Amino acid sequence: MTDKSNTEMLLPQAGIPGYIPQPKKNASEDVIGEYKKQVQQLGDKGLKEDKTGLSAKLTYIVALAWAFFQMSTASWLLLDSLYVKAFHLAFALALIYLNLPTLKSELKSRWDLRILLAMKRVTIVDWMIGIVGVIGALYIVIDYAGISERPGMPIGRDLIFGVILIVLMLEATRRVLGPALPIICGAFIAYVFLGPYLPDVVAFKGATLSRFISQITMDTQGIYGVPLHVSATVVFLFVMFGTMLDRAGGGAFFTRLAISGLGQYRGGAAKAAVVSSALSGMVSGSSIANVVTTGTFTIPLMKRLGYPATKAAAIEVASSVNGQLAPPVMGAAAFIIAEYVNVPYVEVAKAAAIPAFASYIALLWITHIEACKLGLKGLPKKELPKFFVELKNGLHYLIPLAVLIWELVVEMHSAELSVFRAIIVLAIIMVLQPVAIAKVHDADLWAAFKFGIKNTLNSMAAGANNMAGVALATASAGIIVGCVSLGLGQQITSFVEALSMGNIFLMILITAVASLLLGMGLPTTANYIIMASLTAPVIVTLATGLTLHGQEIAIPLIAAHLFCLYFGILADDTPPVGLAAYAGAAIAKANPISVGVQGFLYDIRTAIIPVFFLFNSDILLIDIESLPVSLMIFAMTGLGMVAVSSAIQGWLVDKVNILERLILVAAAVVLMFPALISGYVLPYEQRWWGYLVGIALFGIAFLSQKVRYGAKKKNTAAAAETDEELAVS
């Protein structure tokens, strides 16, 4: 038997045979400290600052208690949903005030306000504020009976605790997410009270403080509304599931599996980055976490093969951003869509499947195009890990995913129950995995078992820490939703509708641009909630009466919500802010703005597909039950995305000319909206015959390219032969 230290060296976090070791702190390609600090300070997940001594112990205890509380409410603990939301918010506030100081000041002056400016550390004042914030969050539970007896009629104590909760919650949001979301919430609050004094075109009747506090802090249409409900019941468990799977070694497994399967092909490292990011993103639900998890390995590998640093980072960022769109997990906003649209989550996942995976097909094609342009080859086969060896080593990571999909799709259980059971299976695997490894290497089994328990608990606590920002984002967005439900939404919606002049296409453009602009300062979930609340109903309304070839085109509500989600996610790599682009740029040692620009160019394909599924609900599989028809729509949509990507990148078999580019654009339009062509001669029920036209157009462009490329190759060979003859003579 080996000793305990040798046992731990065999475990996943230390690097075991068949897995990727953790990056060394001083490795030349690793700047993990630099970008992780920035991501944790500005991103939509993670906490930072001093966690030594008492602070570290309290943080761990609170995070682990939160994890066990959420697991309990998903299984045996029966509580009113309002209680669950209140405790969820209280835990998040506690974690933030335990770890994040009021201001991160660099001042050295003796005369600064030290009671307010914590010099890179939290103080007892922060903890005291946190305690008050926790009490404010739990006040609705503490006086539940009294509040229930006076609906809409708050007394003085209710107003005081309501104001305290709003102020301290927005302050906590500022600490973990930055100032953008609190400022937007403040603007909505100001609009509520200043509305009667504004110009007629934007005037609002206003509300009293009593009505405002009652709506926002004592009702389920404000802070304790749908966004926080989804965060407290479903999102927490999915975030914890993703964190645990990554800590168990699942992220490394997906990366090595992708490298082993695709690394030998042209631009294989980039293709592997796309696939591994897709697999990792399915369970992490976070663009930034995806970049951090897979990018530390794939970006240096792409650079080694010859990809410029900017393009290597941009490929990783583009594929990581799309992870929030990929079922079965997706991002937190997907669960909120299910609540808003009032459909089971599996229906949202089903609707999102074809757009997400067609988008990944297009990105794989883009990486191939880039490799062709740069003249790159694949990795030597002898340097690659063996696919079936990697699959065998990590097959156990697929078990909890299989359980999750089985529970969701076959058993048709709720998302909450499904992920709870998947977490239980994953926890068992995490405990037994080190024991199995220790057994194989004849190491200390008891030490391995204890390590497995410790690693499982640490992963649960890490998942809770990662949720603090998400919980605060959904709670703060609830303030906006509450203001909207006070009547403000109707006013803003009317204004937006007037701004679009009743034109559906202009409305779509306004929504897309506004989502990108808001996304520069907001996490995806908050961005989606704001835009969906204000614009999704308008998009559906403006589409009423829209016809094509005599057939009415109705935009489903779920399509409008997914449209808002898509453009909110794209903000993660849109310059000048795009946090995912900053993370990728730090790993690649490239300019973050350049990475953001290049990533956005790659993501134009993701911006195009939601425009099509607004008008062609077949892409979302709405009212499509046949598997063969579903596969046909997927294949045609994927081919359409390849066509549009070739048109944007200017390359198919070789560099495309203007005519070929136009043909590819036409092919893409027809392949993603066949009724546009078929409707001229066929009834709507036979719209899929239009796919033949799209295939023909793509074939014309492809054959034109092949003929020209063949002639070019022949001329090059002839010229080389002539040069050789001249050299001999």
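This one's a predicted model, so the numbers in the text were calculated from it and none came from an experiment.
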Do Tyr528 and His561 pass the side chain to side chain donor-acceptor pair (under 3.5 Å) test, and can you show the C-alpha distance, the side-chain angles, and the key distance before you say yes or no? CA-CA 8 Å; Tyr528 156 73; His561 280 262; 2.6 Å; yes
Just so I know, are the side chains of Leu621 and Phe634 near enough to count as touching, which here means a heavy-atom distance under 4.5 Å? no
Taking it one step at a time, do Ser276 and Ile259 satisfy side chain to side chain contact (heavy atoms under 4.5 Å, CB included)? CA-CA 8 Å; Ser276 62; Ile259 287 290; over 6 Å; no
Would you sort out whether Thr547 and Glu552 count as a side chain to side chain donor-acceptor pair (under 3.5 Å), showing the intermediate values? CA-CA 4 Å; Thr547 60; Glu552 184 175 349; over 6 Å; no
Do Trp688 and Ser678 have side-chain N/O donor and acceptor atoms under 3.5 Å apart? no
So, does Tyr360 use its side chain to make a donor-acceptor pair with the main chain of Ser319 at under 3.5 Å? yes
For a quick test of your reading: what N or O donor-acceptor pairs under 3.5 Å do the side chains of residues 510-519 make, sequence neighbours left out?
unit_1: Thr511; atom_1: OG1; unit_2: Met507; atom_2: O; d: 2.9
unit_1: Ser515; atom_1: OG; unit_2: Thr511; atom_2: O; d: 2.9

Would you check, one step at a time, whether the test side chain to side chain contact (heavy atoms under 4.5 Å, CB included) holds for Ile663 with Phe698? CA-CA 7 Å; Ile663 292 173; Phe698 186 87; over 6 Å; no
What one should report as the nearest heavy-atom pair of Ala326 and Ala356 is CA-CB, 3.9 Å
Gln598 versus Ser594, side-chain donor and acceptor atoms under 3.5 Å: no
State, with a plain yes or no, whether a side-chain heavy atom of Glu660 is found less than 4.5 Å away from one of Arg708. yes
Inter-residue atom distance Ile504.CD1 - Thr541.OG1, 0.5 Å rounding: 9.0 Å
When rounded to the nearest 0.5 Å, the distance separating CG of Leu548 from CD1 of Ile553 is 4.5 Å
State whether the side chain of Glu390 and the backbone N or O of Leu257 hold a donor-acceptor pair below 3.5 Å, judged by distance alone. no
Lys655 atom NZ, neighbour heavy-atom count above 12 within 6.0 Å: no
Stepwise side chain to side chain contact (heavy atoms under 4.5 Å, CB included) check, Ser645 with Tyr602: CA-CA 8 Å; Ser645 298; Tyr602 291 154; over 6 Å; no
Do Ser646 and Trp651 pass the side chain to side chain donor-acceptor pair (under 3.5 Å) test, and can you show the C-alpha distance, the side-chain angles, and the key distance before you say yes or no? CA-CA 5 Å; Ser646 288; Trp651 193 284; over 6 Å; no
Could you pull out the closest heavy-atom pair between Ile299 and Ala313, with the gap in Å? CD1-CA, 4.0 Å
Can you check whether Ala647's main-chain N or O pairs, donor with acceptor, with Arg661's side chain at less than 3.5 Å? yes
Non-hydrogen side-chain atoms of Leu664 and Val644 separated by less than 4.5 Å: no
Can you list the residues that meet the side-chain contact (heavy atoms from CB on, under 4.5 Å) rule with Tyr680, with sequence neighbours excluded? His549
For a 4.5 angstrom cut-off between non-hydrogen side-chain atoms, does Gln686 reach Trp689? yes
Are Tyr566 and Phe613 an aromatic pair by the rule of ring centers under 6.0 Å? yes
Is a donor on one side and an acceptor on the other found under 3.5 Å between the side chain of Lys373 and the backbone of Gln649? yes
Apply salt bridge (charged side-chain N to carboxylate O under 4.0 Å, His left out) to the pair Arg266 and Glu370, showing each step before the final yes or no. CA-CA 10 Å; Arg266 184 191 292 270; Glu370 292 289 11; over 6 Å; no
Hey, are the side chains of Val410 and Ile405 touching, using non-hydrogen atoms and a 4.5 Å cut-off? no
For Asp654, is there an ion pair with Lys706 - N to carboxylate O distance below 4.0 angstrom? no
Does Asn616 reach the main-chain N or O of Met672 with its side chain, forming a donor-acceptor pair under 3.5 Å? yes
State, yes or no, whether a side-chain contact exists between Asp623 and Ser617 at a heavy-atom distance under 4.5 Å. no
Criterion side chain to side chain contact (heavy atoms under 4.5 Å, CB included) on Leu364 and Val275, from CA distance to verdict: CA-CA 8 Å; Leu364 281 171; Val275 173; 4.2 Å; yes
How about Ser359 and Thr606: does a side-chain donor come under 3.5 Å of a side-chain acceptor? yes
Counting distance only, does the side-chain N/O of Ser533 pair as donor-acceptor with the main-chain N or O of Ile529 below 3.5 Å? yes
Assign the ring pair Phe335 / Tyr345 to parallel, tilted or perpendicular, where the plane angle (0 to 90°) is split at 30° and 60°. parallel
Going by the angle between their ring planes, with limits at 30° and 60°, are Phe563 and Phe567 parallel, tilted or perpendicular? tilted
Is any side-chain heavy atom of Ile624 closer than 4.5 Å to a side-chain heavy atom of Ile633? yes
Can any side-chain N or O of Lys303 pair as donor or acceptor with the backbone N or O of Ala588 at less than 3.5 Å? yes
Between Val669 and Phe612, is there a side-chain heavy-atom distance shorter than 4.5 Å? yes
State, to 0.1 Å, how close Leu374 and Pro308 come at their nearest heavy-atom pair, and which atoms those are. CD1-CD, 3.7 Å
